[in-house]
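First the proteins, then the strands, lettered A, B, ... as listed; each starts at 1.
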Amino acid sequence: MDDSLSAVLTPDDIVLGHHSDSMNEAIEHAGGLLVARGSISDEYIDGMKQRETKVSTYLGNGVALPHGVLESKEYIRSTGIVVVQHPDGVDWQAGTAHLVVGLAAVGDDHVRVLSQLAEVLQDEDLCETLWRTTDAQFLYDCLTADPDDD
Amino acid sequence: MSKATNIGGTDVTERVTKQAGEIKLIVYACEAGMGSSLMGANQLKKMVKKAKLDINVVHSPVGQLTDAADVVVVHKGLAKQAQAKVPGAAIIPFTLFMNDPAVKALVSNLTAGEPVVSAM
């Protein structure tokens with residue numbers, strides 16, 4: 001469990017204090033991080049942009065979860081998650097995103113992190129704390145806690 | 001049975017209605033079945049479990065829905081596609097991935113043993 005978890009999200013996959021002028025710029029940035037960690041090839045980023053034109057991935061409470069459309073799954077090499085904090089916020093159509101969680105997933109390795117993200121999302125105050133925290137480890141711990149452990 | 005009224009050009013007498021007792025599978029559908037639907041399905045699973053309902057909840061890409069689905073919970077932007085794919089299922093569209101009122105209403109309905117009527 002912990003092995004698969006650390007393969008999916010590591011503290012290095014968390015970027016604090018980033019600024020993007022637009023949603024597409026934020027997607028290119030998050031997508032670039034997924035490319036750099038070897039999770040996807042460049043084509044997947046187009047799939048991420050395309051997805052937003054179909055259904056926004058804005059989840060609420062300042063969190064967006066950009067990921068590719070179904071057809072772009074072939075460009076995923078391994079599951080990866082990157083979390084980019086935007087203290088200034090980015091206009092994400094359906095809302096303003098402060099945490100941009102870029103996702104490329106094959107299989108179910110990412111289920112635990114997304115379950116925990118769902119838990120975090122229920123807590124508006126915690127979300128707002130995470131928009132501004134300067135402690136990457138705290139953000140990492142919040143997203144990797146065992147969701148059933150409370 | 002509902003009376004024939006016309007909402008947005010659709011004859012609502014044709015709406016699929018599922019009795020609470022016959023609902024065994026709810027499918028939470030999204031575009032790729034990778035991220036947002038998984039989160040929504042997890043939340044719905046918890047609500048169903050908390051309400052002690054004997055209903056299975058899974059997530060799926062909208063294009064891979066099958067007739068096994070009794071109820072399909074789907075983002076409103078994909079609702080038509082879902083309905084075309086599984087015309088026999090009750091379609092419940094939502095707008096918010098988390099805490100959507102339509103999803104809460106669905107669980108209340110089921111808990112009360114009330115039938116679920118397709119929203120389209």
*Asks:* Please answer: with hydrophobic residues joined when any side-chain heavy atoms are less than 4.5 Å apart, are B:I26 and A:V111 in the same cluster?
*Replies:* yes
*Asks:* Please check if B:V58 and B:L78 belong to a single hydrophobic cluster, counting links between Ile, Leu, Val, Met, Phe, Trp and Tyr side chain heavy atoms closer than 4.5 Å.
*Replies:* yes
*Asks:* Short question: side chain of B:Q43, backbone of A:A118 - any donor-acceptor pair under 3.5 Å?
*Replies:* no
*Asks:* Identify which part of A:I76 has an atom lying under 4.5 Å from any heavy atom of chain B, answering side chain, backbone, both or neither.
*Replies:* side chain
*Asks:* Treating Ile, Leu, Val, Met, Phe, Trp and Tyr as nodes and any side-chain heavy-atom pair under 4.5 angstrom as an edge, say whether B:V103 and B:L25 lie in one connected cluster.
*Replies:* yes
*Asks:* Tabulate, in ascending numerical order, the residues of residues 60-74 of chain B having at least one heavy atom closer than 4.5 Å to a heavy atom of chain A, or enter 'none'.
*Replies:* B:P61, B:Q64
*Asks:* Quick check for you: to the nearest 0.5 Å, what is the distance between A:Q116 atom CD and B:N42 atom CG?
*Replies:* 11.0 Å
*Asks:* Between A:A94 and chain B, which part of the residue has a heavy atom less than 4.5 Å away: side chain, backbone, both or neither?
*Replies:* neither
*Asks:* Against chain B, label A:L65 side chain, backbone, both or neither, depending on which of its atoms sit under 4.5 Å from a heavy atom there.
*Replies:* side chain
*Asks:* Tell me whether B:K80 at atom NZ has more than 12 heavy atoms from other residues, nucleotides or ligands lying less than 6.0 Å away.
*Replies:* no
*Asks:* When you compare the side chain of B:F97 with that of A:V55, does any pair of heavy atoms fall below 4.5 Å?
*Replies:* yes
*Asks:* So, for A:G68 and B:A32, which heavy atoms are closest and what is the spacing to 0.1 Å?
*Replies:* O-CB, 3.6 Å
*Asks:* Which atoms of B:L38 come close to chain A, meaning under 4.5 Å heavy atom to heavy atom: side chain ones, backbone ones, both, or neither?
*Replies:* side chain
*Asks:* Walk me through whether A:S115 and B:K45 qualify under side chain to side chain contact (heavy atoms under 4.5 Å, CB included).
*Replies:* CA-CA 11 Å; A:S115 302; B:K45 249 181 223 177; over 6 Å; no
*Asks:* Do any of residues 120-129 of chain A have a heavy atom less than 4.5 Å from a heavy atom of chain B, and if so, which, in residue order?
*Replies:* A:L121, A:Q122
*Asks:* So with a 6.0 Å cut-off around NZ of B:K76, is the heavy-atom count from everything else above 12?
*Replies:* no
*Asks:* Side-chain heavy atoms nearer than 4.5 Å, only ILVMFWY residues, links allowed to pass through others: does that put A:V15 and A:L103 together?
*Replies:* yes
*Asks:* Pick one of side chain, backbone, both or neither for A:S72, based on which atoms fall under 4.5 Å of a heavy atom in chain B.
*Replies:* neither
*Asks:* Do B:M120 and B:V16 belong to the same hydrophobic cluster, where Ile, Leu, Val, Met, Phe, Trp and Tyr are linked whenever their side-chain heavy atoms lie under 4.5 Å apart, directly or via other members?
*Replies:* no
*Asks:* Relative to chain B, which of A:K73, A:K54, A:R51 shows the most heavy atom pairs under 4.5 Å?
*Replies:* A:R51
*Asks:* Closest heavy-atom contact between B:E31 and A:V69?
*Replies:* OE1-CA, 3.1 Å
*Asks:* What is the minimum heavy-atom distance between A:L117 and B:M39, and which atoms define it?
*Replies:* CD2-SD, 3.9 Å
